[in-house]
There are 2 protein chains.
Amino acid sequence: MDLEKSISALNNPVRRRILEWLKDRSNFPPALPEHADLEGVCVAYIQEKAKLSQSTISNYMGLLKQAGFVVSERHGQWTFYRRDEENISAFLAAVQDELLKS
Amino acid sequence: MDLEKSISALNNPVRRRILEWLKDRSNFPPALPEHADLEGVCVAYIQEKAKLSQSTISNYMGLLKQAGFVVSERHGQWTFYRRDEENISAFLAAVQDELLKS
DNA sequence: TCCATAAATCGAAATATCTCGATATATAGC
DNA sequence: GCTATATATCGAGATATTTCGATTTATGGA
């Protein structure tokens, strides 16, 4: 739990919005039939929704991953990203701990 | 409650440490006798502890204030800063709301 | 009024972040 | 092996943040 990295990753409105979108798979187009049983969303779908370049979104997902907010799983040519709820909770606990009085 | 501004203010290790120091007045030198009944810590004491320039600390306290993490009160030539516990709690609730699923 | 002190503001250099297009890498199918 | 597609990485320009010293503003006291 690297607070520095996590807060830095959150310090961007698009990255925060991506984390929100990932709460619900139905924020994105339906998965391809062959991916029906996989969790997570591929980079291209996130890019399409965020309306930023492919390289920017790839970079953003890397930052969110390093911060522990998402995990990725590669299947063929696709990388699927999904939220890491446990780590997100751990981050919130850490921020509370740092901010709340004694 | 401007999440953008608040996260940005937190996105700096010195500013986070200042917020921690302000949890406990005894992290700083004792107040002058004529300030004994005042809450908060003057800029010079914070600067001394943070070991950054006066202008930097003044700027930082301004950012923390705009973010709602501290309030200031001027008494004579001194400005006393102290934590705004209610706003800090409100921020934590807002971050939770934004990050936590559903 | 003049001086001293505390804090805020200004202007600038160094560094970091944002965002892009181009290129590289990995994989799938022919 | 060749081609197409998905993603990652690279290099760079634009913008933002960090931090400073110098200056300005506000106040208090001789």
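A note on names: the letters A, B, ... follow the listed sequences, proteins ahead of strands, and every chain is numbered from 1. Bear in mind the structure is a predicted one, so any value in this text is a computation, not a measurement.
At the phosphate of D:dT18, neither OP1 nor OP2 sits under 4.0 Å from any side-chain N or O atom of B:Thr56.
Among C:dT17, D:dT17, C:dA8, the nucleotide with an atom closest to any side-chain atom of B:Tyr81 is C:dA8. Closest contact between the side chain of A:Ser55 and the listed nucleotides D:dG21, C:dG21, C:dT9 involves C:dG21. If you check C:dT19, C:dA7, C:dT17 against the side chain of A:Ser8, the one that comes closest is C:dT17. Closest to the side chain of B:Asn12, out of D:dA22, C:dT17, D:dT18, is D:dT18. Considering only the side chain of A:Ala44, D:dT7 comes nearest among C:dG21, D:dT18, D:dT7.
Within residues 59-68 of chain A, the residues having any heavy atom closer than 4.0 Å to DNA chain C are, in order of number, A:Asn59, A:Tyr60.
No side-chain donor-acceptor contact under 3.5 Å links B:Arg25 to the backbone of B:Asn27. Proximity of a side-chain donor or acceptor of B:Ser6 to a complementary backbone N or O of B:Ala67 within less than 3.5 Å is detected. Without hydrogens or angle criteria, A:Arg17 side chain to A:Leu19 main chain gives no donor-acceptor distance under 3.5 Å.
From B:Lys23, atom NZ reaches atom CZ of B:Arg83 across 5.5 Å, with rounding to the nearest 0.5 Å. The CZ atom of A:Arg16 lies 9.0 Å from the CG atom of B:Leu99; values are rounded to the nearest 0.5 Å.
Remark: B:Glu34 CD is packed, more than 12 non-hydrogen atoms of other residues, nucleotides or ligands lying under 6.0 Å away.
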Using atom names, set out every protein N or O paired with an N or O of nucleotides 25-28 of chain C below 3.5 Å, distance rounded to 0.1 Å.
none

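Here A:Thr79 lies in heavy-atom contact (under 4.0 Å) with sugar-phosphate atoms only. Within the nucleic acid shown, B:Tyr45 has no heavy atom closer than 4.0 Å to any nucleic acid atom.
B:Val95 is connected to A:Leu3 through a chain of hydrophobic side-chain contacts under 4.5 Å among Ile, Leu, Val, Met, Phe, Trp and Tyr, so both are in one cluster. Under the 4.5 Å side-chain heavy-atom criterion for ILVMFWY residues, no single connected hydrophobic cluster contains both B:Leu64 and B:Val71.
Interface remark: the B:Gln54 side chain does form a donor-acceptor pair with the C:dA8 base, using a distance-only criterion of under 3.5 Å.
Just one residue in the list A:Tyr45, A:Trp78, A:Phe28 forms a ring pair (Phe, Tyr, Trp, His ring centres under 6.0 Å) with A:His35, and that residue is A:Trp78.
Rounded to whole Å, atom P of D:dG28 lies 14 Å from atom CG of B:Leu32.
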